[in-house]
Amino acid sequence: MACGGIIKKSLVLFLTLILLSGCAVQFVYNQLDWLIPWYLSDYMELDGDQEEVFDQRLQQYLAWHRSEQLPQYAVFLRSVADRAEQRLSRSDIQYVQTETEKFAEALISRLSPDMVELFALSTDEQLQDLFQQFDRDNQEFREKYIEVSEKEQRKQRQKEVLRYAQRWTGQLDQTQVNLIKTWSKKFELMGEELEAARLVWQKEFRRILQQRHNREVYQAEFEKLLTDPGFGRSEQLQAKLDKNAALLVDLYLELDRTLTEKQRRKMIHKLRSYADDFATLSGQTKNS
């Protein structure tokens with residue numbers, strides 16, 4: 001498997017764990033997912049010099065991810081599999097949350113210097129294109145999370161959790177589906193608060209980029225923004241994030257108690273399969 005495919009596979013797993021664990025890092029990742037190398041090109045077209053810098057930094061990033069992160073992912077997933085053999089406890093889910101947050105922080109921290117360097121080379125025209133794409137993303141966000149009815153929003157959250165849960169356990173029975181339906185009725189809708197946070201973050205990002213010719217100030221402020229998970233959050237949004245995270249933990253504890261032997265075996269097998277893949281891939285040569 002090519003190195004890029006390895007990292008993409010690990011990011012899919014990473015996102016699934018974020019969503020399943022209900023931790024607030026989901027909010028951070030949704031803010032910054034466009035920084036991941038494979039998606040940045042959708043937002044900003046690079047010139048020759050920028051591509052050279054980008055490609056060089058990307059190869060360094062891939063080597064770091066393979067050697068440093070994949071072995072840690074393998075150890076983590078084996079630990080989760082061991083815990084999942086019995087009924088999960090609240091402390092087990094807290095462990096998943098804590099470790100997932102650490103992985104997210106490591107990814108963002110490692111990407112920050114590369115993004116600082118890349119955007120330091122950007123032109124005004126490129127940044128205009130970038131923010132026009134942000135505007136399009138913001139409109140899509142509104143259409144999905146704000147402009148639809150409350151009933152449709154709750155139905156969508158229900159579908160998301162059902163899909164992510166079944167990715168690990170296989171088909172859920174009606175009792176388990178009903179647990180998710182009940183959860184979706186308690187979920188605090190937060191589209192407007194999330195939109196406000198997105199706009200605050202993007203406004204600050206634009207301000208920082210305008211200072212990119214003052215390298216010392218630009219770099220310090222950019223790195224601070226990228227590594228500040230709470231930037232842009234209102235107290236109301238934070239309260240909803242906390243409540244929803246707690247509700248999701250309760251849901252997964254309830255679902256875990258209803259798992260059949262077949263469902264639990266599938267979950268454990270998938271966790272260990274991912275762990276084995278990452279352990280193997282971390283030892284392969286870069287071009288394998």
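The first residue in the sequence is number 1, and the count goes up from there.
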Trainee: When the ring planes of Phe131 and Phe205 are compared, do they come out parallel, tilted or perpendicular, using 30° and 60° as the limits?
Mentor: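 Ring orientation, 0 to 90° scale: tilted.
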Trainee: Under 3.5 Å, is there a donor on one side chain and an acceptor on the other for Gln202 and Asn138?
Mentor: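 Yes, side-chain donor-acceptor contact under 3.5 Å.
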Trainee: Which pair of heavy atoms, one from Ser91 and one from Arg83, lies closest together, and at what distance?
Mentor: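 Where Ser91 meets Arg83 most closely, the heavy atoms are O-NH1, 4.3 Å.
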Trainee: Using the rule that two of Ile, Leu, Val, Met, Phe, Trp, Tyr join whenever any of their side-chain heavy atoms come within less than 4.5 Å, decide whether Leu111 and Trp201 are in one cluster.
Mentor: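 Yes, because Leu111 and Trp201 connect within a single hydrophobic cluster, where side-chain heavy atoms sit under 4.5 Å apart.
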Trainee: Take Asp228 and Arg233 through the salt bridge (Lys or Arg N to Asp or Glu O under 4.0 Å) test and state the conclusion after the steps.
Mentor: CA-CA 11 Å; Asp228 180 4; Arg233 295 187 204 173; over 6 Å; no
Trainee: Output yes when a side-chain donor or acceptor of Ser282 lies under 3.5 Å from a complementary backbone atom of Ala279, and no otherwise.
Mentor: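 A pair under 3.5 Å: yes.
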Trainee: Surrounding CD of Gln60 (heavy atoms of other residues, nucleotides or ligands, distance under 6.0 Å), is the total greater than 12?
Mentor: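 Correct, the count exceeds 12.
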Trainee: For Lys102, give me all partners under salt bridge (charged side-chain N to carboxylate O under 4.0 Å, His left out), at least two apart in sequence or on another chain.
Mentor: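 Listed in chain order: Glu99.
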Trainee: Atom CD in Gln126, atom CD in Glu45: separation rounded to 0.5 Å?
Mentor: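 Here the interatomic distance stands at 8.0 Å.
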Trainee: Looking only at heavy atoms, what is the nearest atom pair of Thr100 and Val96, with distance?
Mentor: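 Here Thr100 and Val96 meet closest at OG1-O, 2.6 Å.
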Trainee: Between Glu192 and Lys240, is the closest basic N to carboxylate O distance under 4.0 Å?
Mentor: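 Looking at Glu192 together with Lys240, the answer is no, because their closest N to O distance does not fall below 4.0 Å.
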Trainee: State, to 0.1 Å, how close Lys144 and Gln156 come at their nearest heavy-atom pair, and which atoms those are.
Mentor: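 Result for this residue pair: CE-NE2, 4.3 Å.
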Trainee: Quick one: does any side-chain atom of Arg157 pair with a main-chain N or O of Gln153 as donor and acceptor, under 3.5 Å?
Mentor: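 It does hold such a pair.
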Trainee: Test of understanding: clusters of I, L, V, M, F, W, Y form through side-chain heavy atoms closer than 4.5 Å, transitively. Do Leu162 and Leu247 belong to the same one?
Mentor: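 Yes.
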Trainee: Assess the side chains of Asp137 and Gln133: does a donor N or O sit below 3.5 Å from an acceptor N or O?
Mentor: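 The answer is yes; a qualifying pair exists.
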Trainee: What's the spacing between Lys186 NZ and Leu251 CG if we round to 0.5 Å?
Mentor: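 Reported to 0.5 Å precision, the distance equals 9.0 Å.
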Trainee: Walk me through whether Gln263 and Leu172 qualify under side-chain contact (heavy atoms from CB on, under 4.5 Å).
Mentor: CA-CA 8 Å; Gln263 288 172 325; Leu172 297 183; 3.9 Å; yes
Trainee: With no hydrogens and no angle check, do the side chains of Asp242 and Gln238 hold a donor and an acceptor under 3.5 Å apart?
Mentor: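 Short answer, yes.
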Trainee: Quick one: sort the Phe103 and Phe76 rings into parallel, tilted or perpendicular, breaks at 30° and 60°.
Mentor: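 The arrangement is perpendicular - the two ring planes meet at more than 60°.
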Trainee: Report the distance from atom CD of Glu204 to atom CG of Leu209, rounding to the nearest 0.5 Å.
Mentor: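 The CG atom of Leu209 is 10.0 Å from CD of Glu204, to the nearest 0.5 Å.
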Trainee: Is it true that a side-chain atom of Asn244 and a backbone atom of Glu188 form a donor plus acceptor pair closer than 3.5 Å?
Mentor: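 Indeed, once roles are kept as given, a pair shorter than 3.5 Å links the two residues.
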Trainee: Decide yes or no for Arg264 and Arg87: does some side-chain heavy atom of the first lie under 4.5 Å from some side-chain heavy atom of the second?
Mentor: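 A side-chain contact exists here, since the closest heavy-atom pair is under 4.5 Å.
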Trainee: Kindly work out whether a path of hydrophobic side-chain contacts (I/L/V/M/F/W/Y, heavy atoms less than 4.5 Å apart) joins Val161 to Leu241.
Mentor: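 Yes; Leu241 is reachable from Val161 via cluster members.
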Trainee: Between atom CZ of Arg57 and atom CE of Met115, what is the distance when rounded to the nearest 0.5 Å?
Mentor: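 It comes to 9.0 Å.
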Trainee: Do side-chain atoms of Ser67 reach the backbone of Ala63 as a donor and acceptor pair under 3.5 angstrom?
Mentor: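 Yes.
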Trainee: Are the side chains of Leu271 and Trp168 in touch, meaning some heavy atoms are under 4.5 Å apart?
Mentor: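 In short, these two side chains touch, coming nearer than 4.5 Å.
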Trainee: Taking all heavy atoms of Val200 and all of Gly232, pick out the closest pair and write down the distance.
Mentor: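 Closest heavy-atom pair between Val200 and Gly232: CG1-CA, 3.8 Å.
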Trainee: Look at atom CZ of Arg163 and say whether more than 12 heavy atoms of other residues, nucleotides or ligands are closer to it than 6.0 Å.
Mentor: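 Counting neighbours around CZ of Arg163, more than 12 heavy atoms of other residues, nucleotides or ligands fall under 6.0 Å, so yes.
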Trainee: Any side-chain heavy-atom pair from Gln69 and Trp64 closer than 4.5 angstrom?
Mentor: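 Counting from C-beta outward, Gln69 and Trp64 do come under 4.5 Å.
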Trainee: Dump the intermediate steps for side chain to side chain donor-acceptor pair (under 3.5 Å) on Glu223 and Ser112, then the final yes or no.
Mentor: CA-CA 6 Å; Glu223 290 181 349; Ser112 293; over 6 Å; no
Trainee: Check for a donor-acceptor pair, side chain of Gln59 on one end and backbone N or O of Gln56 on the other, with a separation under 3.5 Å.
Mentor: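 No: the side chain of Gln59 does not pair with the backbone of Gln56.
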Trainee: According to a hydrophobic-cluster definition based on side-chain heavy atoms being under 4.5 Å apart (Ile, Leu, Val, Met, Phe, Trp, Tyr only), do Leu88 and Val80 belong together?
Mentor: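 Different clusters: Leu88 never reaches Val80 through Ile, Leu, Val, Met, Phe, Trp or Tyr contacts under 4.5 Å.
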Trainee: Is there side-chain contact between Asp47 and Leu121, with at least one heavy-atom pair below 4.5 Å?
Mentor: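 No, side chains not in contact.
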Trainee: Could you walk me through whether Leu253 and Arg257 pass the side-chain contact (heavy atoms from CB on, under 4.5 Å) check?
Mentor: CA-CA 6 Å; Leu253 287 173; Arg257 287 193 287 269; 4.1 Å; yes
Trainee: Considering only heavy atoms from C-beta outward, does the side chain of Tyr145 approach that of Leu189 to under 4.5 Å?
Mentor: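 When only atoms from C-beta onward are counted, Leu189 and Tyr145 do not touch, as no gap falls below 4.5 Å.
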Trainee: Side chains of Ile93 and Tyr252: closer than 4.5 Å at any heavy-atom pair?
Mentor: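 Contact flag for Ile93/Tyr252 side chains = yes.
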Trainee: Got a second to check how far Ser184's OG is from Lys159's NZ, nearest 0.5 Å?
Mentor: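 Reported to 0.5 Å precision, the distance equals 12.0 Å.
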Trainee: To check you understand the geometry: which heavy-atom pair defines the closest contact between Gln139 and Glu147, and what is its length?
Mentor: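 Taking every non-hydrogen atom into account, NE2-OE2, 3.8 Å.
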Trainee: Looking only at side chains, do Gln210 and Arg207 share a donor and an acceptor under 3.5 Å apart?
Mentor: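 The answer is no; no qualifying pair exists.
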Trainee: Looking only at side chains, do Asp82 and Ser79 share a donor and an acceptor under 3.5 Å apart?
Mentor: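 The answer is no; no qualifying pair exists.
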Trainee: Compare all side-chain heavy atoms of Gln94 with those of Gln97 and state whether any distance is below 4.5 angstrom.
Mentor: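 Heavy-atom side-chain distance check passes, below 4.5 Å.
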Trainee: Do Arg212 side-chain atoms and Tyr218 backbone N/O form a donor-acceptor pair below 3.5 Å?
Mentor: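 No: the side chain of Arg212 does not pair with the backbone of Tyr218.
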Trainee: Less than 4.5 Å apart, any side-chain heavy atom of Leu194 and any of Phe141?
Mentor: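 Yes - at least one pair of side-chain heavy atoms lies under 4.5 Å apart.
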Trainee: Determine, using the 4.5 Å side-chain heavy-atom cutoff (strictly less than), whether Leu225 and Val116 are members of one ILVMFWY cluster.
Mentor: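 Both belong to a single hydrophobic cluster.
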Trainee: What I want to find out is whether Glu261 reaches Arg265 closely enough, with some N-O distance under 4.0 Å, to be called a salt bridge.
Mentor: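 Arg265 and Glu261: salt-bridged.
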Trainee: Under a 3.5 Å cutoff, is there a donor and acceptor pairing between the side chains of Glu254 and Thr258?
Mentor: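 Absent: no donor and acceptor within the cut-off.
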Trainee: With the threshold set at 4.0 Å, does a side-chain nitrogen-carboxylate oxygen contact exist between Lys185 and Glu150?
Mentor: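 No, no charged N to carboxylate O under 4.0 Å.
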Trainee: Walk me through whether Gln174 and Val177 qualify under side-chain contact (heavy atoms from CB on, under 4.5 Å).
Mentor: CA-CA 5 Å; Gln174 192 58 51; Val177 171; 4.1 Å; yes
Trainee: Report the distance from atom CE of Met267 to atom OG1 of Thr169, rounding to the nearest 0.5 Å.
Mentor: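 One finds 8.0 Å between CE of Met267 and OG1 of Thr169.
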Trainee: Any chance you could lay out the side-chain contact (heavy atoms from CB on, under 4.5 Å) test for Arg110 and His65, step after step, and finish with the verdict?
Mentor: CA-CA 9 Å; Arg110 179 60 182 79; His65 195 277; over 6 Å; no
Trainee: Can you name the closest pair of heavy atoms from Gln211 and Glu221 and give their distance?
Mentor: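 Smallest interatomic distance, heavy atoms only, reads NE2-OE1, 3.0 Å.
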